[in-house]
Amino acid sequence: SQQGEEDPQALSIQEGENATMNCSYKTSINNLQWYRQNSGRGLVHLILIRSNEREKHSGRLRVTLDTSKKSSSLLITASRAADTASYFCATDASTGNQFYFGTGTSLTVIP
Amino acid sequence: DVKVTQSSRYLVKRTGEKVFLECVQDMDHENMFWYRQDPGLGLRLIYFSYDVKMKEKGDIPEGYSVSREKKERFSLILESASTNQTSMYLCASSLVSPQGYTFGSGTRLTVV
């Protein structure tokens, strides 16, 4: 399986703090994505980073990619209670457009 | 607003029944996917399709089949439902080039 693995499995922080989640994967990739899932709902796409990119920003989100270590991180700055959700990384196959998801990090932001 | 619509939010079926899960997207996306999500296992890819009448197996196709007769509709079929197929099923679609997926809200299937 090409499934990625997020770390930590669960994270609890105070509102206003930064949250960092990590993703490690096993095989070479072309693209890596991060998604958010609110409880019991579908996933929402946050950001896509290509293998030739090292860092990408979107609002309060910062994603880094280190292909030599086969790892990525998602940083959420100045967290809010509404950021409480599960976060998943997804990596693509060497061929094709299908993505493989990890098991997720459950983030709780305490007001 | 672009959408992926899954026909049922909750579904309860009996063991041995044939089950159809429907997914429709209105974005003219070429790619469509079916995943199942289980606690501790994350999302696992069941089947995907890059074009009408085309299908490819994902990581866990056993016990499932799919149909894509029209570009906007991708159906997941459980030929003979079993209790180990109790799960959350998520449909997604995307454009041809690597893009973010748009997910449906999911169907929580319980097989009794």
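Letters A, B, ... are given to chains in the order of the sequence lines, protein chains preceding strands, and every chain is numbered from 1. Hydrogens, waters and symmetry mates are skipped; everything else that's a heavy atom, side chains included, is used.
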> Counting only non-hydrogen atoms closer than 4.5 Å, does A/Gln37 touch chain B with its backbone (N, CA, C, O), its side chain (CB onward), both, or neither?
side chain
> Roughly how far, to the nearest 0.5 Å, is the CG atom of B/Leu43 from the OH atom of A/Tyr35?
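Reported to 0.5 Å precision, the distance equals 10.0 Å.
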> Within the 4.5 Å heavy-atom criterion, are A/His45 and B/Phe103 side-chain neighbours or not?
no
> Are B/Tyr50 and B/Leu95 co-members of a hydrophobic cluster defined by side-chain heavy atoms under 4.5 Å apart?
no
> With respect to chain A, which residue among B/Glu56, B/Arg9, B/Gln6 yields the maximal number of heavy-atom pairs within a distance under 4.5 Å?
B/Arg9
> Name the region of A/Leu43, side chain, backbone, both or neither, that has any atom closer than 4.5 Å to a heavy atom of chain B.
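Backbone plus side chain of A/Leu43, per the 4.5 Å heavy-atom cut-off to chain B.
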> Take atom CD of B/Glu30 as the centre, draw a 6.0 Å sphere, and report whether it contains more than 12 heavy atoms from other residues, nucleotides or ligands.
yes
> Taking CD in A/Gln9 as the centre, count heavy atoms belonging to other residues, nucleotides or ligands within less than 6.0 Å. Is the count above 12?
no
> Side-chain heavy atoms nearer than 4.5 Å, only ILVMFWY residues, links allowed to pass through others: does that put B/Phe33 and B/Tyr47 together?
no
> Following the transitive rule for hydrophobic clusters with a side-chain heavy-atom cut-off under 4.5 Å over Ile, Leu, Val, Met, Phe, Trp and Tyr, establish whether B/Phe48 and B/Ile60 coincide in one cluster.
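No, separate clusters.
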> Transitively linked via ILVMFWY side-chain contacts under 4.5 Å: B/Phe74 with B/Val4?
no
> Please look at A/Phe99 and chain B and tell me whether the side chain, the backbone, both or neither of the residue comes under 4.5 angstrom of a heavy atom of that chain.
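Both parts, backbone and side chain.
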> In this structure, would B/Tyr35 and B/Val24 fall into the same cluster of hydrophobic residues linked by side-chain contacts under 4.5 Å?
no
> Is A/Tyr100 close to B/Leu45 at the side-chain level, that is, under 4.5 Å between some pair of heavy atoms?
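Counting from C-beta outward, B/Leu45 and A/Tyr100 do come under 4.5 Å.
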> Of all the residues in residues 81-94 of chain B, which have a heavy atom that comes within less than 4.5 Å of a heavy atom in chain A?
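Answer by number: B/Met88, B/Leu90.
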> Given A/Gln33 and B/Tyr101, is the side-chain hydrogen bond (donor to acceptor under 3.5 Å, both in side chains) satisfied, shown in steps?
CA-CA 9 Å; A/Gln33 304 187 61; B/Tyr101 287 5; 5.7 Å; no
> Residue by residue, scan residues 102-111 of chain A and write down, ordered by number, those that have a heavy-atom distance under 4.5 Å to chain B; if none do, write 'none'.
A/Gly102, A/Thr103
> Nearest 0.5 Å, what's the CD-CZ distance between B/Gln37 and A/Phe101?
9.5 Å
